Structures are given as structure tokens and as C-alpha cells.
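Quick note on labels: first sequence line is chain A, next is B, and so on, each numbered from 1. Note: hydrogens, waters and symmetry copies are ignored here, and every other heavy atom, side chains too, is used. Note that the structure is predicted; figures quoted are calculated from it, not measured.
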There are 2 protein chains.
Amino acid sequence: MSSPQSFKRVNRESTAGLITRQLREAIMYGRLRPGAQLSEAILAAEFGVSRGPLREATQRLVQEGLVRAEPNRGLFVKELDEHEIRDLYAARIAIETAAGRTIIRKGQQQAVAELRTAYEAMQRAAEEGALAQLSDADLRFHEVLVGGAGSARLQRMHQTLMVETRMCLTALQGTYRDPEDQVAEHQRIAEAIAAGDSESLVEAIEEHMQEALDRLVPGSRSAGTATTV
Amino acid sequence: MSSPQSFKRVNRESTAGLITRQLREAIMYGRLRPGAQLSEAILAAEFGVSRGPLREATQRLVQEGLVRAEPNRGLFVKELDEHEIRDLYAARIAIETAAGRTIIRKGQQQAVAELRTAYEAMQRAAEEGALAQLSDADLRFHEVLVGGAGSARLQRMHQTLMVETRMCLTALQGTYRDPEDQVAEHQRIAEAIAAGDSESLVEAIEEHMQEALDRLVPGSRSAGTATTV
DNA sequence: GATCCATGGATTGTTGACAATCCATTCTAG
DNA sequence: CTAGAATGGATTGTCAACAATCCATGGATC
């Protein structure tokens with residue numbers, strides 16, 4: 001009865017959980033387009049389950065804010081208009097700034113190290129011209145940033161925001177951006193934290209987010225910083 | 001066909017929504033004790049609905065983090081141990097600090113005014129010795145603080161945290177605290193924002209939270225600031 | 001020709017019954 | 001007396017059918 005290697009508990013995830021994850025991914029990567037209607041009957045048939053578990057899955061997505069439910073009408077993939085995108089990035093600024101400040105305040109050396117690692121992964125991807133990997137490493141950097149603060153609640157809230165961020169990136173798919181700039185912005189953030197400089201951390205994050213916003217919402221506020229191609 | 005006064009849309013909330021709200025309130029105010037098991041069958045009978053809608057309601061609470069679901073075992077009201085409480089307050093520090101900084105950065109005069117109003121309500125309740133009202137005004141102050149930042153996402157995340165906070169307060173029910181101190185701490189926060197002083201804002205919020213933590217988790221870190229009765 | 005009403009199709013909302021799983025208890029064998 | 005297996009009760013997990021609701025289409029009336 002000894003376990004020579006640790007086995008994974010089988011089927012530990014609930015059916016609703018499995019479906020939720022697949023649907024979320026489909027929304028994140030644009031396979032389910034914003035505004036598209038989700039038919040319970042059709043989806044249930046596709047997943048090969050009854051409407052019960054499927055309903056549970058969709059309800060989770062509703063509460064995550066990825067799906068909008070109109071009573072007696074149906075479920076629709078949420079569309080992110082300009083206002084929503086601004087709100088999303090405002091929330092990300094709040095969370096990520098707070099996370100960075102926490103790392104500084106607590107002097108979490110390990111978090112700093114992990115940030116550097118994440119940053120180096122971005123740099124490598126940029127040098128190799130691997131855009132998909134660069135994008136993944138980018139998201140990972142922000143996950144590490146918030147994870148480093150060590151608050152499970154903060155991290156969970158941030159995860160939801162990052163799913164929406166990925167939705168935005170998917171919508172931007174195809175537009176080009178100079179990888180060097182992208183990497184440099186993250187280096188600023190990482191180094192500000194490493195140096196324990198809260199002021200430049202705030203600046204770095206706000207500018208980083210503004211940069212993203214400028215690309216997502218072209219008719220934005222300041223034309224001065226819009227240096228993107 | 002004219003509407004002499006605006007009528008409320010009837011039955012606009014779903015059954016699951018109604019049940020969710022009632023269960024959440026019961027948990028918040030301790031009518032459902034932490035650790036208590038929630039039986040779907042019993043609850044469904046009490047609400048007079050089938051297990052379908054009830055399940056939907058409980059699932060929402062699970063995702064909010066108020067209820068823990070053990071597969072094939074049952075649902076249990078989440079218990080907040082010391083670690084959880086610390087995490088909760090860390091998250092609140094992050095969100096509320098970020099909200100305050102946003103108000104300062106954007107120079108939201110209206111938010112400042114609302115904060116003062118909320119603060120005055122606390123002061124009035126304290127003078128009248130109305131402890132229940134003081135507690136409500138206290139929570140309201142924090143809601144106004146985050147609401148003032150104008151981010152729907154931030155506010156939603158904060159609401160969840162405040163529900164858990166209320167759970168903690170319910171657990172503390174009966175312990176006394178000097179209302180004057182309580183009011184003064186909020187005044188510090190409000191005035192720091194009004195003065196646009198980010199540094200003292202951060203200090204005020206952190207000390208305010210630490211004060212609350214000291215009462216919730218007696219064997220806490222610093223004995224120096226523990227001046228509570 | 002425009003407006004109102006009735007009808008039909010489609011969707012979600014709800015239900016009660018059935019299956020699978022788990023835990024505690026009891027029983028049995030050593 | 002103890003360790004292990006069988007069993008029973010209770011709970012969640014799942015399903016297919018039914019009811020309620022909504023929107024669009026088409027037709028009748030003025």
C-alpha cells in the first residue's frame with residue numbers, strides 16, 4: 001500500500017468545475033466571442049451532460065462577471081466596452097500597486113527573486129521573438145507580482161481581472177507592439193520593488209497600464225504618451 | 001399609460017438571488033454559525049423551493065468564499081481562523097488604500113464630501129451611544145471610501161470582503177470598544193484624503209486595520225499598539 | 001397602410017426522482 | 001479484545017420532463 005510516487009487524486013474536480021474551466025478558457029481566448037449567446041441546451045449536449053451541472057458552471061461565470069444573464073432570455077458572453085476596460089485597468093492598478101507595496105513593506109526577498117525570474121523569462125522570449133511566449137510570460141509576471149504579496153484573497157480577485165485582461169489581449173490579436181518596450185516596462189516595475197521605492201513603483205505601474213489602455217482604447221485621454229505603433 | 005410615479009419592476013430578482021441574499025445575511029449576522037452544515041434538503045424545504053434553485057444559491061456563496069463545499073460530504077459555513085482573518089484584513093488594506101489613493105489622485109471632491117458625511121454619521125451615533133448604528137455607520141464609511149474611487153470591480157471585490165468583516169464583528173459581539181477612538185481613526189482617514197496626503201492615508205488605514213486585528217486575534221504581533229480595552 | 005392582438009417557437013426556470021458517494025456503525029473472524 | 005469487512009443511513013450529484021416566460025411572426029381590424 002505504499003505510494004512510490006505521489007499519485008494525483010482522480011476526478012477530484014467536480015463536473016461543474018471542469019465545464020467552468022473549459023468555458024472560461026473558450027471565452028478568454030475568443031473561441032466564444034463577446035456578445036455571443038450561450039444556449040444551455042446546446043452546450044449541455046456538447047459537453048455530454050445534463051443541464052443541471054452546466055447551469056451550475058454558467059452561474060459561476062456569471063458571478064465572475066464573464067457572462068451576463070438576462071432573465072428568461074439567455075446567457076451572453078460579456079462585451080467589454082471602453083468604460084468597462086477602463087474600470088478593469090483601474091482595478092488592476094489598485095490591486096497590483098497594493099501588492100507591490102506589500103512586497104516592499106514586508107521586504108519579501110523571495111517575491112523579488114521570483115519577479116526577476118519572471119522578468120527574465122519575458123526578456124528571453126522577446127530576444128527569441130516568441131510573441132506567444134512573451135505574452136504568457138507577461139501575464140505570469142503580473143500573477144507573480146500579486147502572488148508575492150501573499151494574500152489568497154487578493155490573488156483570487158486578481159485572477160478574475162487577469163481573465164478579463166486576456167480577453168482584451170485576444171481582441172487585440174494581430175496588432176504589433178515593440179517587445180523591447182514591453183519588457184522594459186516590467187523591468188521598471190520589478191526594479192522599483194527591488195529598490196523598495198514605492199513612488200516609482202506607482203509611477204511604473206500606472207504608466208504600464210496607461211500604455212495598455214492606449215492600445216485598447218485608441219481615443220484615450222492623453223495623446224502625448226501614445227508611442228505605440 | 002403614463003407612470004405618475006416610477007414603479008419598481010416586480011420580481012426582478014431571481015429565486016436563487018433571493019435565497020442567496022437571505023443565506024448571506026444569516027451567515028453575516030451569525031444566525032448560521034461558522035462550521036455549521038447546510039443541508040440542501042432541509043434548506044430547500046424551509047425556503048419552499050426545490051433543490052435546484054437552492055443549489056444555485058449555495059454555489060454562489062461557495063464562490064464568494066462564505067461557504068466551503070466538501071465533495072459528497074456537504075456544505076459548511078466557512079470558519080475564519082487567525083490566518084484567514086489576517087488575510088482578510090491584508091486584502092482590505094490593499095483595496096481601501098488603493099481606493100483612497102485613487103480619490104486623492106483624481107481629486108474627487110464629491111467623494112471627500114461623502115466621506116465627511118459618513119464620518120459625521122459615525123460621530124453622531126457615538127455621541128448618542130447608539131452602538132448598533134455606530135457599527136453600521138462604520139461599515140458604511142468603508143463602503144463610501146471604496147465607492148468613491150469609482151471602480152465597479154473594486155467595489156464588488158470589496159463588498160465580499162465586507163461581508164466577511166461583518167462575520168468577524170458578529171463573532172466579537174459583546175466586547176466593548178471606546179467609540180471615541182473608533183470615530184477618531186476614521187477621521188484620520190477622511191482627513192488624510194481631504195488633505196491629499198497619501199503617506200498619512202496609508203498610515204491611518206494600516207493602523208486602523210491593525211487595531212481591528214488586535215481585537216480579533218488577541219495573540220497578535222505587536223503588543224505596543226494594543227491599547228484596546 | 002398602420003396598429004393591435006393572438007399564436008407559435010424557443011429559451012430559461014423549476015421540479016421530483018434516481019444514482020453515486022461517503023461515513024458511522026455493526027458484525028465477524030482471528 | 002482488536003482489526004477488518006460488510007451494511008445502512010444520509011448526503012450530494014445527476015438527470016429528464018414539465019411549467020413559465022419571452023420574443024418574433026403573421027393576421028385581423030380600423
Side-chain angles (χ1 to χ4, degrees), chain A residues 1-3 7-23 26-27 32-79, chain B residues 1-3 7-23 26-27 32-79:
Chain A
M1 289 300 176
S2 67
S3 64
F7 291 115
K8 280 180 219 160
R9 191 87 166 240
V10 293
N11 201 21
R12 203 44 183 160
E13 199 166 9
S14 70
T15 308
L18 286 165
I19 298 175
T20 304
R21 216 149 37 89
Q22 291 196 53
L23 284 178
I27 294 175
L32 287 173
R33 290 284 171 76
Q37 181 166 13
L38 303 179
S39 162
E40 290 185 1
I42 295 175
L43 284 178
E46 285 183 7
F47 281 108
V49 296
S50 149
R51 274 179 53 216
L54 183 120
R55 223 178 131 76
E56 204 170 302
T58 56
Q59 288 297 330
R60 291 193 198 181
L61 295 177
V62 168
Q63 198 161 17
E64 276 184 37
L66 263 62
V67 167
R68 173 175 43 92
E70 292 188 17
N72 290 316
R73 288 295 317 282
L75 302 162
F76 303 87
V77 180
K78 198 156 188 186
E79 302 175 82
Chain B
M1 291 298 178
S2 67
S3 63
F7 291 114
K8 281 182 218 158
R9 190 89 165 237
V10 291
N11 201 20
R12 203 43 181 163
E13 200 164 11
S14 71
T15 307
L18 286 165
I19 297 175
T20 305
R21 216 148 37 88
Q22 291 196 52
L23 284 178
I27 294 174
L32 287 174
R33 289 283 171 76
Q37 180 166 14
L38 303 179
S39 162
E40 291 185 359
I42 295 175
L43 284 178
E46 284 183 8
F47 281 108
V49 297
S50 152
R51 272 181 54 217
L54 183 118
R55 221 178 132 77
E56 204 169 302
T58 55
Q59 288 297 330
R60 290 193 197 181
L61 295 177
V62 168
Q63 197 160 18
E64 277 183 36
L66 263 62
V67 168
R68 172 174 46 91
E70 292 187 17
N72 291 317
R73 289 294 319 281
L75 302 162
F76 303 87
V77 179
K78 197 157 191 187
E79 302 175 83

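Contact between the side-chain N/O atoms of A:S14 and the OP1/OP2 oxygens of D:dG13 is not found at any separation under 4.0 Å.
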Spell out protein contact along nucleotides 7-12 of chain C as letters: B when the base is contacted, S when just the sugar-phosphate is, - when no protein heavy atom is under 4.0 Å; keep the 5' to 3' order.
-----B
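For the helix from C:dG1-D:dC30 to C:dG30-D:dC1, the axis fitted to the five pairs at one end and the axis fitted to the five pairs at the other end meet at an angle of 10° (nearest 10 degrees).
Residues B:G35 and B:E79 come closest through the heavy atom pair N-CG, 3.4 Å. Closest of all the heavy-atom pairs between B:S14 and B:R60 is OG-NH2, 3.8 Å. Minimum heavy-atom separation, B:R33 to B:V77: O-CB, 3.4 Å.
Legend: residues meeting side chain to side chain donor-acceptor pair (under 3.5 Å) with A:R21, ordered by chain and number and at least two apart, are A:E13. Judged as a side chain to side chain donor-acceptor pair (under 3.5 Å), and not counting sequence neighbours, the contacts of B:Q63 are A:E64.
Between B:E56 atom CD and D:dT14 atom C1' the separation is 15 Å, expressed in whole Å.
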List, one per line, each side-chain donor-acceptor pair under 3.5 Å for residues 41-57 of chain B, sequence neighbours excluded.
{"residue": "B:S50", "atom": "OG", "partner": "B:G52", "partner atom": "N", "Å": "3.3"}
{"residue": "B:R51", "atom": "NE", "partner": "B:E40", "partner atom": "OE1", "Å": "3.0"}
{"residue": "B:R51", "atom": "NH2", "partner": "B:E40", "partner atom": "OE1", "Å": "3.0"}
{"residue": "B:R55", "atom": "NE", "partner": "A:E56", "partner atom": "OE1", "Å": "3.2"}
{"residue": "B:R55", "atom": "NH1", "partner": "B:E40", "partner atom": "OE2", "Å": "3.0"}
{"residue": "B:R55", "atom": "NH2", "partner": "A:E56", "partner atom": "OE1", "Å": "3.3"}
{"residue": "B:E56", "atom": "OE1", "partner": "A:R55", "partner atom": "NE", "Å": "3.2"}
{"residue": "B:E56", "atom": "OE1", "partner": "A:R55", "partner atom": "NH2", "Å": "3.3"}
{"residue": "B:E56", "atom": "OE2", "partner": "A:Q59", "partner atom": "NE2", "Å": "3.2"}

Name the atoms and distances for all side-chain donor-acceptor pairs under 3.5 Å in residues 65-76 of chain A, with sequence neighbours left out.
{"residue": "A:R68", "atom": "NH1", "partner": "A:E70", "partner atom": "OE2", "Å": "2.7"}

